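Take a look at the structure below.
Sequence lines set the chain letters: A, B, ... in the order given, protein chains first and strands last, and positions in each chain run from 1. These numbers were taken from a predicted model, which means no experiment stands behind them.
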Amino acid sequence: MARVIRRSKKLQSHPMIVRTRVAPSPTGDPHVGTAYMALFSLCFAHQSGGQFVLRIEDTDAERSTAESEQSILDSLRWLGLDWDEGPDKPGPHGPYRQSERLDIYREHVEHLVEQGHAFHCFCTAGRLAEMRAEQMKNKQTTRYDGLCMSLSNDEVAQKLEAGEEHVIRMKVPEEGTCLVQDRLRGEIPIEYSQIDMQVLQKSDGNPTYHLAVVVDDYLMEITHIIRGEEWINSAPKHMLLYDYFGWDMPELIHMPLLRNPDKSKLSKRKNPTSIRFYERMGFLPEAVLNYLGMLGWSMPDGEEKFSLESMIEHFNIERISLGAPVFDVDKLKWLNGRWLREELDDDRFADRISEWAYNRESLKRIIPLIKERVDVFSEVSDMIAFFASGLPALEEVDLVAKNQSVDDTKKILQFALWDMEALATWDRDQLNTLFENVAVDLDLKIRDVLAPVFVAISGKPVSPPLFDSMAVLGPDMTRARMKHAIDVLGGVSKKLNKKLEKEYQSIRRSRT
RNA sequence: GACCCUAUCGUCUAGUGGUCUAGGACACCGCCCUUUCACGGCGGUAACCCGGGUUCGAACCCCGGUAGGGUCGCCA
């Protein structure tokens, strides 16, 4: 073990080539925030001839999926953010998927335990919850109290022998101040008393993010960590680990966080966050990337329209502004319009719109749904328009049936939407089952459940077969339209959301 | 609540002590172009969070307040 660490340390002493990374967790839709970090990481590395690495952080075995990983890869590539090394692009520092590096983490954790920098902890979740509640009550920082640190070696050996469930935690100094160096913010002092004895290895033997990120960034020779502001508070943990291992700390660059129009951290409840949604809406990848580039950063000459290539050329990290920007879809639309008008002649426009949706392949998915409803071709356009549209123009009266209230309708749509978010396979049969379940859950006839959904999806009370249509539209656009319909009905307030969520959870529990 | 970050038009931003009666862009409003709409052109409304310092001089530096955000998980 010690040998592994020493050898790696030598590698670092070579002349410095800038290496940055983006490290998404494959637990959901590809997020624009991931693309944002990837963009800045790529620009910074490539400007100086360095390398940009993609690493998959799938240490959460519960939530990580192969589909999500693929979707993230596809979306970043769609945007034109390609990487020099990654799970599908072997390099000298692979593998680039953390689930394939578990032995490495185990060795490193073991090393920390041997050196006395980490310890086994046998505390139960219940005890920890109690402890936190108590600390909360006393207005203290919630933090592990160090109980298991006092266990003797024999006691630990005995418990391990007995197969007791345990985690491994890092030790943190009792007092003192950690000075976090941030390239954009300067020195940030954080008291060690504020820092928790972070779990490094979970009871399933997998490392936590904090351990894996440090080990991997080091072994992959990452020189600059560009990440969101949300990580500032955990920087001391990482610095401590670098210190325990005897490694040099990479430079930290914390970017501002993208925000919803209400200024909270960008979230799918309030704003479309999936890159695929923007793709499905017909935004050009160049424009989306350009837009992300103008959030928190500007060209030296003030030009707002610029390509990735040009951004790399003119990139200057000092030009990043620290106020967290609001993701403004209106401005993105305007920018996309400029790209469309200024960069695409008629030929290229035709090419791009065919690539997007107007092609034989998409048409062939739709034809089976409309053929028997059509007598002459001239009827086709109206019938299929909604497949290529964005969000339909809706009114409350269109959505709410006579025998139902606005809140009932909201509930139907919201429950279905939550089910959709949890849906593993997106096809007509699964969707069919989904709505049957919603009808049972809410004690309604399926036709009553479906009525507002027809309108939400197609903009009209009638449409080609609903579930097939949803299958063609895909999860991103379907969910966006459901969400849009809910918003047209006045949206779900925080309070209502809480109430509905409670009801939904209890129904879900009884369902399984 | 504790800790951390941030603070220029509604929004994205320029501005790094004097050239700022604060510039550009989106959105909004008006006018022009136009059979309509859009595009385009022209014009308009609109901001340095507050209070103290430092300085001959502060949007820019320092301190305090306020506000917003983030973090406090065997998620990342």
Side-chain angles (χ1 to χ4, degrees), chain A residues 23-28 31 33-34 37 55-64 98 121-125 128-129 132 135-144 165-169 177-178 180 182 184-186 188-213 227-237 254-266 291-305 318-338 340-342:
Chain A
S25 175
T27 53
H31 199 277
T34 304
M37 297 309 153
R55 182 173 69 226
I56 295 294
E57 309 236 331
D58 56 353
T59 54
D60 185 346
E62 289 276 304
R63 298 196 304 144
S64 298
Q98 292 188 327
C121 172
F122 301 88
C123 292
T124 62
L128 294 174
R132 280 189 198 111
Q135 288 169 335
M136 242 12 156
K137 210 178 79 190
N138 298 333
K139 301 184 174 180
Q140 292 169 299
T141 306
T142 55
R143 183 176 194 259
Y144 181 64
E165 193 158 272
H166 66 276
V167 300
I168 295 174
R169 289 178 184 274
T177 304
C178 179
V180 177
D182 179 277
L184 303 173
R185 295 155 214 266
I188 304 167
I190 298 176
E191 301 285 325
Y192 282 121
S193 62
Q194 298 297 321
I195 298 157
D196 201 2
M197 298 179 210
Q198 180 63 47
V199 172
L200 299 178
Q201 192 175 89
K202 312 181 214 178
S203 54
D204 66 1
N206 275 8
T208 57
Y209 166 83
H210 298 282
L211 187 273
V213 77
R227 43 143 69 140
E229 194 181 2
E230 55 194 324
W231 294 107
I232 289 179
N233 288 304
S234 46
K237 292 172 186 172
H254 290 102
M255 297 285 297
L257 250 29
L258 263 23
R259 305 206 228 178
N260 297 311
D262 72 357
K263 309 270 188 168
S264 56
K265 175 170 148 179
L266 193 67
Y291 181 65
L292 290 174
M294 65 190 263
L295 295 178
W297 190 79
S298 59
M299 275 290 186
D301 66 357
E303 178 54 59
E304 292 194 292
K305 178 160 156 274
E318 313 299 333
R319 287 189 68 83
I320 292 173
S321 57
L322 295 176
V326 171
F327 192 96
D328 177 7
V329 180
D330 270 344
K331 187 143 186 182
L332 169 58
K333 273 183 75 173
W334 162 79
L335 190 61
N336 198 69
R338 275 194 67 185
L340 235 44
R341 289 187 290 276
E342 295 171 17

Item to check | Watson-Crick or G-U wobble mate for B:rA2, both contacts under 3.5 Å | outcome: B:rU71
Next on the checklist: Return the pairing partner of B:rU66 with a 3.5 Å limit on both distances, Watson-Crick or G-U wobble; otherwise return none.
Outcome noted: B:rA7
Next on the checklist: Taking the basic N atoms (NZ, or NE/NH1/NH2) and the acidic carboxylate oxygens, is any pair closer than 4.0 Å for A:Arg55 and A:Glu57?
Outcome noted: yes
Checklist entry - Charged N to carboxylate O under 4.0 angstrom, A:Asp328 versus A:Lys331? => result no
Next on the checklist: Check the orientation of A:His210 and A:Trp231. Use parallel for under 30°, tilted for 30 to 60°, and perpendicular for over 60°.
Outcome noted: perpendicular
By the 4.0 Å heavy-atom rule, please label [X] as base, sugar-phosphate, or nothing.
X        : answer
A:Arg143 : nothing
A:Glu304 : base
A:Ser234 : nothing
A:Thr59  : sugar-phosphate
A:Arg319 : sugar-phosphate

Next on the checklist: With rounding to the closest Å, how many angstrom separate the C1' atoms on B:rA47 and B:rC20?
Outcome noted: 13 Å
Checklist entry - Quantified in whole Å, what is the P atom distance between nucleotide B:rC72 and nucleotide B:rG65? => result 25 Å
Checklist entry - Donor-acceptor pair under 3.5 Å: do we get one between A:Lys331's side chain and the base of B:rA27? => result no
Next on the checklist: When you measure only distances, ignoring hydrogens and angles, does the side chain of A:Thr142 come within 3.5 Å of the base of B:rC72 through a donor and an acceptor?
Outcome noted: no
Checklist entry - If you find the nucleotide of RNA chain B closest to A:Ser264 and the one closest to A:Ser298, which residue's nucleotide is nearer the 5' end? => result A:Ser298
Next on the checklist: Using heavy-atom distances to pick each residue's nearest nucleotide on RNA chain B, tell me which of A:Asp262 and A:Met136 is more 5'.
Outcome noted: A:Met136
Item to check | Closest listed nucleotide, where the reference is the side chain of A:Lys265 and the choices are B:rU71, B:rG73, B:rC26 | outcome: B:rU71
Next on the checklist: Taking the minimum atom-to-atom distance to the side chain of A:Arg132, which one of B:rG73, B:rA76, B:rG40 wins?
Outcome noted: B:rG73
